[in-house]
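Accompanying notes for the structure given below.
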Amino acid sequence: MSWVFLRDLLSGVNKYSTGVGRIWVAVVFMFRLLVYVAAAENIWKHERDEFECNIKQPGCENVCFDHFFPVSHIRLWALQLIMVSTPSLLVVFHVAYRENREKHHNQKLYKNPGKIDGGLLCTYLISLILKTGLEIVFLVLFYKLYNGFKIPRLVKCDIKPCPNTVDCYISKATEKMIFLYFLVGTSCLCIILNLSELSYLIFKHSIKCYLKRQKRNRR
């Protein structure tokens with residue numbers, strides 16, 4: 001999978017972000033995207049081939065693997081990275097709309113098309129809410145699909161066509177669990193950063209509106 005588009009998207013969003021937003025971009029790019037490409041992808045690369053059960057009944061191993069791993073961890077992680085980064089496109093599109101509008105009217109309509117104010121502020125807040133919501137959705141999805149944030153070394157399977165309860169072994173379970181904890185930790189960190197940025201922008205806008213109101217009242 002090529003991650004060039006996601007890298008370019010994050011770089012583009014970085015120009016219009018606040019200080020907290022730039023930290024979020026750094027966390028996603030350095031601690032999630034690079035870790036995924038450099039290490040995590042290889043750990044889960046042969047997860048199906050390395051899943052073994054102590055029986056050779058045809059179909060048993062396949063059914064057990066599908067039961068305990070309905071969706072590959074690494075594919076779900078990749079989908080999460082893409083989905084939580086996509087709302088940032090709203091900001092990029094809005095800035096592009098402002099720039100095209102200025103070109104169309106052939107005059108300066110905004111002091112700075114990339115400044116977070118007015119309609120762009122609403123778009124930015126919506127993108128933060130969407131990113132936070134998607135992070136939470138994927139954390140819940142991970143928890144529900146795999147019965148918690150853990151990867152056992154041994155699982156017992158009694159699903160047909162297995163003739164009885166069989167033992168199945170997951171390779172590199174400890175290493176996979178470390179990366180799973182890292183995934184959960186970085187997701188939680190991104191949620192905290194998004195909520196912090198959301199609170200900061202709302203507070204800043206509220207103070208700005210309050211000062212404007214006070215200024216009008218004095219007149």
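Under the 4.5 Å side-chain criterion, counting only non-hydrogen atoms from C-beta, Phe138 is in contact with Leu79. The shortest distance between side-chain heavy atoms of Val71 and Leu141 does not fall below 4.5 Å. Taking the side chain as every heavy atom from C-beta outward, Tyr146 and Leu76 approach each other to under 4.5 Å. With a 4.5 Å cut-off on side-chain heavy atoms, Val155 and Cys64 do not count as touching. You'll find the side chain of Ile191 reaches within 4.5 Å of the side chain of Leu139, heavy atoms only. Within the 4.5 Å cutoff, the side chain of Val28 has heavy atoms near those of the Ser85 side chain. Annotation: side chain of Val63 is in contact with side chain of Pro161 (closest heavy-atom distance under 4.5 Å). Using a 4.5 Å heavy-atom cutoff, the side chains of Lys156 and Asp167 are in contact.
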Q.
Determine whether Cys190 and Phe31 satisfy the following criterion, side chain to side chain contact (heavy atoms under 4.5 Å, CB included), listing intermediate values before the conclusion.
A. CA-CA 11 Å; Cys190 285; Phe31 296 103; over 6 Å; no
Leu89 vs Thr86, test: side chain to side chain contact (heavy atoms under 4.5 Å, CB included). Steps then yes/no. CA-CA 6 Å; Leu89 280 171; Thr86 300; 4.1 Å; yes
_With side chain to side chain donor-acceptor pair (under 3.5 Å) as the criterion, how do Ser187 and Gln80 come out once you've worked through the C-alpha distance, each side chain's angles and the decisive distance to 0.1 Å?_
CA-CA 10 Å; Ser187 291; Gln80 181 183 15; 3.0 Å; yes
Under the side chain to side chain contact (heavy atoms under 4.5 Å, CB included) criterion, do Asn164 and Asp158 qualify, and how do the steps go? CA-CA 6 Å; Asn164 49 46; Asp158 57 358; over 6 Å; no
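In this structure, Phe149 places its CZ atom where more than 12 heavy-atom neighbours from other residues, nucleotides or ligands lie under 6.0 Å away.
A side-chain donor-acceptor contact under 3.5 Å links Glu61 to the backbone of Cys53. With Asp66 contributing its side chain and Asn62 its backbone, the two residues share no donor-acceptor pair below 3.5 Å.
Cluster membership check: Leu195 shares its hydrophobic cluster with Ile136, using side-chain heavy-atom separations under 4.5 Å among Ile, Leu, Val, Met, Phe, Trp and Tyr. In this structure, Tyr169 is not a member of the same hydrophobic cluster as Phe69, with clusters built from ILVMFWY side-chain heavy atoms closer than 4.5 Å. Clustering ILVMFWY residues whenever any of their side-chain heavy atoms sit less than 4.5 angstrom apart, transitively, puts Ile192 in a cluster other than the one holding Phe203. A single hydrophobic cluster is not seen to contain both Val137 and Leu90; linkage of ILVMFWY side chains at heavy-atom distances under 4.5 Å, directly or through other members, places them apart.
In this structure, CZ in Phe65 is found 12.5 Å from CD in Glu52, a value given to the nearest 0.5 Å. Between Leu125 atom CG and Glu197 atom CD the span is 9.0 Å, to the nearest 0.5 Å.
The aromatic rings of Phe182 and Phe179 stand perpendicular to each other, their planes meeting at an angle above 60°, with 30° marking the opposite boundary. Classification of the Phe142-His73 ring pair by plane angle, with boundaries at 30° and 60°, yields tilted.
Nearest heavy-atom pair across Leu201 and Tyr124 is CD1-CD2, 3.4 Å. Asn194 and Lys131 get closest at one heavy-atom pair: ND2-CB, 3.8 Å. The two residues Val166 and Cys162 have their closest heavy-atom pair at CG2-SG, 4.2 Å. Of all the heavy atoms in Leu193 and Val20, the pair that sits closest is O-CG1, 3.4 Å.
Under the 2.5 Å SG-SG cutoff, Cys60 and Cys157 do not qualify as a close cysteine pair.
Side-chain contact annotation: Thr174 with Arg153, donor-acceptor N/O pair under 3.5 Å present.
Residues Arg32 and Glu135 are paired through a salt bridge, judged by an N-O separation under 4.0 Å between the basic side chain and the carboxylate.
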